[in-house]
Amino acid sequence: MLTKYLIICPLIFIAGFIDAVAGGGGLVSLPAYMITGIPVHNCIATNKMSSFMGTSVTTAKYARKGFIPWKIGIVCVPCALAGSALGAKASLLVPDNILKTILMIIIPLTGIYVITRKGNLETNTVRSDKAALFISAFVAFFIGAYDGFYGPGTGVFLILLLTYFAGMKLTTANGLTKVINLSTNIAALVVFLIDGQVLLPLGAVAGLFNIAGNYIGATCFEKNSSKIVKPVMIAVLSIFFVKLMLETAFFD
């Protein structure tokens, strides 16, 4: 049992750091649980607990800094939850290899956009409050559906879409992303707790490491958002692409 903690906790710390800076920490945290041989459902459930703990800290930290547009966030949360529920239902009907094939095209294009984008990821696009609200709600629903269907890289996609289409500043997009992610984590965690799938002692300890990673990541983001986000995003997208290639090869 001690070996599992020694393997999982450092990786959960790294995942928390990644998640706070650019999203996508789940690409590290979920495999961290799975490589120890814990049953898959317990892995997913316990990962939600540690992720919820870490994301709560980052959300609170970003809220204190004024990064979260609450008027938009209040609308985005139910949209994300509705999308997540729809995506979860769709996952029962549609083979996930179809989505993976689409992502094999989207991810390299996304990576090229991040790499070639001069400066930070913000655009010169100016949206009215109503337009920003509508676009953000649509993005929350669409990515929420993706999160319910498949999930990895949700935070990265949210930040990119909110900066590009809604014209948000990078700090605001990241703050709104945390609110959306926290909401979906809570919904999923409640379900897993009721079903008794969460390994509470492991989840609590790993959650403390996730909190530490999130806190340090959020601090780095506050000080160097324009410099740190792009490299982390590229790393996350690269890991995601390799993961998809391996899964597709295994599926075939």
Side-chain angles (χ1 to χ4, degrees), residues 15-16 18-31 33-34 40-41 43-56 58-59 68 72-104 106-107 110 135-166 173-193 195 197-198 210 214 233 236-237 239-241 243-244 247:
I18 292 171
D19 218 31
V21 171
L27 291 170
V28 175
S29 62
L30 186 55
Y33 286 101
M34 295 181 70
V40 175
H41 287 94
C43 288
I44 296 171
T46 309
N47 182 52
K48 284 297 179 185
M49 179 177 177
S50 56
S51 296
F52 159 73
M53 292 172 64
T55 304
S56 296
T58 302
T59 303
I68 300 175
I72 296 178
I74 291 173
V75 176
C76 286
V77 167
C79 290
L81 293 174
S84 182
L86 183 63
K89 290 182 179 180
S91 69
L92 301 174
L93 304 173
V94 182
D96 68 351
N97 64 301
I98 294 177
L99 178 62
K100 290 176 182 177
T101 301
I102 296 172
L103 288 171
M104 291 283 283
I106 292 176
I107 291 173
T110 303
I135 293 170
S136 299
F138 179 79
V139 167
F141 177 83
F142 179 76
I143 299 299
Y146 166 75
D147 193 25
F149 188 98
Y150 188 56
T154 295
V156 172
F157 292 139
L158 279 170
I159 292 172
L160 288 173
L161 291 174
L162 290 172
T163 53
Y164 187 81
F165 289 107
N174 205 347
L176 184 57
T177 292
K178 294 299 172 288
V179 171
I180 294 171
N181 278 344
L182 181 61
S183 302
T184 54
N185 279 341
I186 290 173
L189 180 58
V190 169
V191 173
F192 288 132
L193 284 170
D195 199 46
Q197 295 291 338
V198 181
N210 198 258
N214 266 272
M233 276 193 174
V236 169
L237 289 169
I239 294 170
F240 191 7
F241 188 70
K243 177 178 182 291
L244 282 173
E247 288 179 350

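Bear in mind that the values here come from a model prediction, so they are computed numbers and not experimental data.
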Chemist: Can you name the residues that form a side-chain hydrogen bond (donor to acceptor under 3.5 Å, both in side chains) with D147, not counting sequence neighbours?
Modeler: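 Scan of D147 (side-chain hydrogen bond (donor to acceptor under 3.5 Å, both in side chains), adjacent residues dropped) gives T154.
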
Chemist: Dump the intermediate steps for side chain to side chain contact (heavy atoms under 4.5 Å, CB included) on D195 and H41, then the final yes or no.
Modeler: CA-CA 10 Å; D195 199 46; H41 287 94; over 6 Å; no

Chemist: Would you please name every residue forming a ring pair (Phe, Tyr, Trp, His ring centres under 6.0 Å) with Y146, sequence neighbours left out?
Modeler: F157

Chemist: Spell out, as yes or no, whether a donor-acceptor pair under 3.5 Å connects the side chain of T58 to the backbone of T55.
Modeler: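 No, T58 side chain to T55 backbone: no donor-acceptor pair under 3.5 Å.
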
Chemist: Return the SG to CZ distance between C79 and F142, rounded to the nearest 0.5 Å.
Modeler: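 Rounded to the nearest 0.5 Å, the SG-CZ separation comes to 14.0 Å.
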
Chemist: If every non-hydrogen atom of G175 is compared with every non-hydrogen atom of I68, which pair is closest and at what distance?
Modeler: O-CG1, 3.7 Å

Chemist: To the nearest 0.5 Å, what is the distance between CG (N185) and CG (N47)?
Modeler: 8.5 Å

Chemist: side-chain contact (heavy atoms from CB on, under 4.5 Å) with F241: which residues, sequence neighbours excluded?
Modeler: M104, I107, P108, M245

Chemist: Distance-only criterion, 3.5 Å: show the donor-acceptor pairs between side-chain atoms of residues 18-28 and protein atoms not counting sequence neighbours.
Modeler:
from : atom 1 : to  : atom 2 : distance (Å)
D19  : OD1    : G24 : N      : 3.2
D19  : OD1    : G25 : N      : 3.1

Chemist: Could you pull out all residues at least two apart from V190 that satisfy side-chain contact (heavy atoms from CB on, under 4.5 Å)?
Modeler: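 Once residues adjacent in sequence are excluded, the partners of V190 under the side-chain contact (heavy atoms from CB on, under 4.5 Å) criterion are I186, I194.
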
Chemist: Please identify each residue that fulfils side-chain hydrogen bond (donor to acceptor under 3.5 Å, both in side chains) with T177, with sequence neighbours left out.
Modeler: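 For T177 there are no side-chain hydrogen bond (donor to acceptor under 3.5 Å, both in side chains) partners, ignoring immediate neighbours.
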
Chemist: When you look at N210 and S50, which way does the side chain to side chain donor-acceptor pair (under 3.5 Å) test go after all the steps?
Modeler: CA-CA 6 Å; N210 198 258; S50 56; 5.2 Å; no

Chemist: Is the shortest side-chain heavy-atom distance between F240 and V156 below 4.5 Å?
Modeler: no

Chemist: Using the test side-chain contact (heavy atoms from CB on, under 4.5 Å), find all partners of A188 that sit at least two apart in sequence or belong to another chain.
Modeler: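 side-chain contact (heavy atoms from CB on, under 4.5 Å) check on A188 returns K48, F192.
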
Chemist: Taking only residues two or more places apart in sequence, or in another chain, which ones meet K89 in a salt bridge (Lys or Arg N to Asp or Glu O under 4.0 Å)?
Modeler: none

Chemist: In Å, rounded to the nearest 0.5 Å, how long is the span from CG of N181 to OG1 of T59?
Modeler: 8.0 Å

Chemist: Within the distance-only criterion (no hydrogens, no angle test), does the side chain of S56 pair as donor or acceptor with the backbone N or O of F52 below 3.5 angstrom?
Modeler: yes

Chemist: Could you pull out all residues at least two apart from Y164 that satisfy side-chain contact (heavy atoms from CB on, under 4.5 Å)?
Modeler: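 Listed in chain order: Y113, T123.
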
Chemist: Mind listing the closest non-hydrogen atom pair of I143 and L161 along with its distance?
Modeler: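 Distance-wise, the nearest heavy atoms are CD1-CD1, 3.6 Å.
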
Chemist: Locate the shortest heavy-atom distance separating L189 from A45; write the atom from each residue and the value.
Modeler: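 That would be CD1-O, 4.3 Å.
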
Chemist: Just to verify, what does T46 make a side-chain hydrogen bond (donor to acceptor under 3.5 Å, both in side chains) with, not counting sequence neighbours?
Modeler: none

Chemist: Provide the closest heavy-atom pair for S136 versus I72 in the form atom of the first, atom of the second, distance.
Modeler: CB-CG2, 3.5 Å

Chemist: Report the distance from atom CG of L244 to atom CD1 of I102, rounding to the nearest 0.5 Å.
Modeler: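 So the gap between those two atoms works out to 11.5 Å.
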
Chemist: Can you name the nearest heavy-atom pair linking C76 to A140, along with the distance?
Modeler: O-CB, 3.6 Å

